[in-house]
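Sequential numbering from 1 along the given sequence is applied to the chain's residues. As the structure lists them, so they are numbered: ligands from 1, and atoms in each ligand from 1.
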Amino acid sequence: MQLLSIIVPCYNEEENVAFFYEELMKNRDFFEKEQLDLEIIYIDDGSKDQTVKEVKNLAKNDKRVHLVSFSRNFGKEAAIYAGLTHSKGDYVVMMDADLQDPPSLLPEMFSYLKQGYDSVATRRVSRKGEPPIRSFFARMFYRIMNKISDTDIVDGARDYRLMTRRVVESILSMGEYNRFSKGIFGWVGFETKWVEFENVERLRGETKWSFWKLFLYSIEGITAFSTAPLAISSFIGVLFCILAFVAIIFIIAKTLIFGDPVGGWPSLVCIIFLVSGVQLFCLGIVGQYLSKTYMEVKHRPIYLIKEEF
Ligand code: UDP
Ligand code: MG
């Protein structure tokens with residue numbers, strides 16, 4: 001028998017805990033046929049509802065259900081990391097509790113592992129049912145990200161991944177505090193098979209990601225996997241210096257030839273605004289990297305556990 005660990009991050013998912021379990025168990029025949037033992041690890045990311053109680057109810061009837069409960073909300077990335085740390089399986093898969101990562105794909109995904117792939121990733125080919133603005137910014141993010149980063153970050157990629165033990169160990173060896181899984185998966189490499197599926201809408205409960213949270217997450221992604229913004233701000237600095245130099249020569253020549261009538265202060269004010277804006281923008285970019293470095297050197301734990309079994 002081989003062990004398959006299933007990691008389910010949950011944040012206020014009381015309606016979904018048992019529902020997910022039922023849906024997963026529809027694959028019972030497949031698990032039996034492939035001789036897979038299960039280990040279902042629910043990561044409670046500081047839920048304020050009955051999520052923990054629901055998991056305990058499940059665990060009463062099924063010894064394969066485990067719980068890791070955080071002392072507060074640490075975010076999905078921390079939940080994934082905790083799940084990987086606690087998993088013992090020869091194979092590990094991460095799935096959202098809201099069933100947007102259909103368990104029915106598991107048999108197909110597993111067949112690729114048997115063909116020799118180390119990692120099977122999923123990607124949704126549509127963004128059906130998502131607000132158009134959100135899709136627009138998501139697309140922009142992936143386009144920019146792939147231009148400025150060496151790591152391949154796939155548009156529409158979900159965190160739904162089935163991996164072998166050695167991929168898990170590789171991911172765990174990256175102990176960084178600012179975790180951007182989509183980048184980490186790309187960074188570790190290995191033979192990856194992509195499985196595509198149509199977007200599935202969340203059936204119960206609400207999404208835990210606000211636009212603002214997603215925006216901050218995108219900055220996380222950029223600073224963690226690219227230093228191009230730093231190079232761009234240096235480039236803008238050089239460009240402005242050259243511009244200023246040309247302008248100085250122009251003005252000296254003009255003054256020598258035509259004299260020096262006073263005037264043009266509105267344009268001067270505009271220029272000051274523009275240049276100080278660009279300066280603050282570039283300083284902000286440097287600040288972003290500095291703040292990430294600051295958090296990193298503190299070596300704070302990625303999550304804290306309140307209860308586990
Ligand atoms: N999640 C989490 N911690 C958080 C936010 C979300 O563990 O701070 C979990 C959530 O319970 C769900 C998964 O991450 O299982 C995906 O979240 P959600 O469905 O809200 O995101 P979306 O599918 O809308 O991108
Ligand atoms: Mg979801």
Side-chain angles (χ1 to χ4, degrees), residues 5-24 40-55 58 65-87 93-103 105 121-139 141-142 153-161 177-182 185 197-218 220-221 302-308:
S5 303
I6 297 165
I7 298 169
V8 196
C10 299
Y11 178 47
N12 296 340
E13 301 279 7
E14 56 183 5
E15 303 114 309
N16 285 318
V17 169
F19 189 40
F20 173 85
Y21 179 82
E22 272 166 40
E23 288 295 312
L24 181 70
I40 308 167
I41 312 173
Y42 284 95
I43 314 290
D44 159 49
D45 187 7
S47 301
K48 293 178 186 71
D49 64 358
Q50 302 297 315
T51 302
V52 172
K53 220 170 125 200
E54 290 286 326
V55 178
L58 281 181
V65 173
H66 299 272
L67 171 76
V68 176
S69 183
F70 289 175
S71 61
R72 63 167 171 86
N73 180 253
F74 279 90
K76 187 183 177 189
E77 293 295 337
I80 290 179
Y81 184 72
L84 292 175
T85 312
H86 282 79
S87 70
V93 63
M94 283 153 315
M95 297 168 94
D96 283 3
D98 59 2
L99 289 167
Q100 280 188 297
D101 299 332
L105 280 179
T122 59
R123 164 170 186 263
R124 50 179 181 174
V125 283
S126 63
R127 287 183 172 271
K128 188 166 56 86
E130 199 183 61
I133 305 199
R134 196 168 143 173
S135 301
F136 171 75
F137 279 104
R139 288 227 173 79
F141 168 73
Y142 285 107
I153 293 165
V154 179
D155 185 5
R158 298 200 49 94
D159 291 333
Y160 185 15
R161 264 188 196 244
Y177 181 81
N178 296 290
R179 301 190 75 78
F180 183 70
S181 283
K182 288 180 171 64
F185 294 145
F197 68 99
E198 284 285 321
N199 189 27
V200 186
E201 281 185 56
R202 180 184 256 277
L203 290 175
R204 303 177 186 192
E206 275 166 17
T207 174
K208 309 296 180 294
W209 293 87
S210 62
F211 192 81
W212 180 240
K213 238 176 145 181
L214 280 173
F215 176 71
L216 292 179
Y217 187 56
S218 70
E220 189 95 15
I302 294 168
Y303 57 86
L304 291 173
I305 295 177
K306 185 169 68 183
E307 188 183 0
E308 68 180 300

* Asked: Is there a heavy atom in M95 that sits closer than 4.0 Å to ligand 1?
  -> no

* For R134, counting its heavy atoms only, list the atoms of ligand 1 lying under 4.0 Å from any of them. => 24 (O), 25 (O)

* Asked: For K213, does the NZ atom have more than 12 heavy-atom neighbours from other residues, nucleotides or ligands under 6.0 Å away?
  -> yes

* Quick one: are D96 and F20 in side-chain contact, heavy atoms under 4.5 Å? -> no

* To do: Do me a favour and list the nearest non-hydrogen protein atom to atom 9 (C) of ligand 1 with residue, atom name and distance?
  => P9 O, 3.8 Å

* Are side-chain heavy atoms of Y81 and S181 found at a separation under 4.5 Å? -> no

* **Contact flag D96/the Mg ion (ligand 2), N/O/S atoms, threshold under 2.8 Å** => no

* **Atom indices of ligand 1 within 4.0 angstrom of K213 heavy atoms, with elements** => 8 (O)

* **Structural part of E77 in contact with ligand 1, heavy atom criterion under 4.0 angstrom** => neither

* Structure fact -> For R202, the atoms of ligand 1 under 4.0 Å from one of its heavy atoms are 18 (P), 19 (O), 20 (O)

* Any side-chain heavy atom of F141 within less than 4.5 Å of one from L214? -> no

* Structure fact -> In D98, the N/O/S atom nearest the Mg ion (ligand 2) carries the name OD2

* Taking 4.0 angstrom as the limit, do E13 and R202 come out as a salt bridge? -> yes

* Asked: Are L216 and W212 side-chain neighbours, meaning at least one heavy-atom pair lies under 4.5 Å?
  -> yes

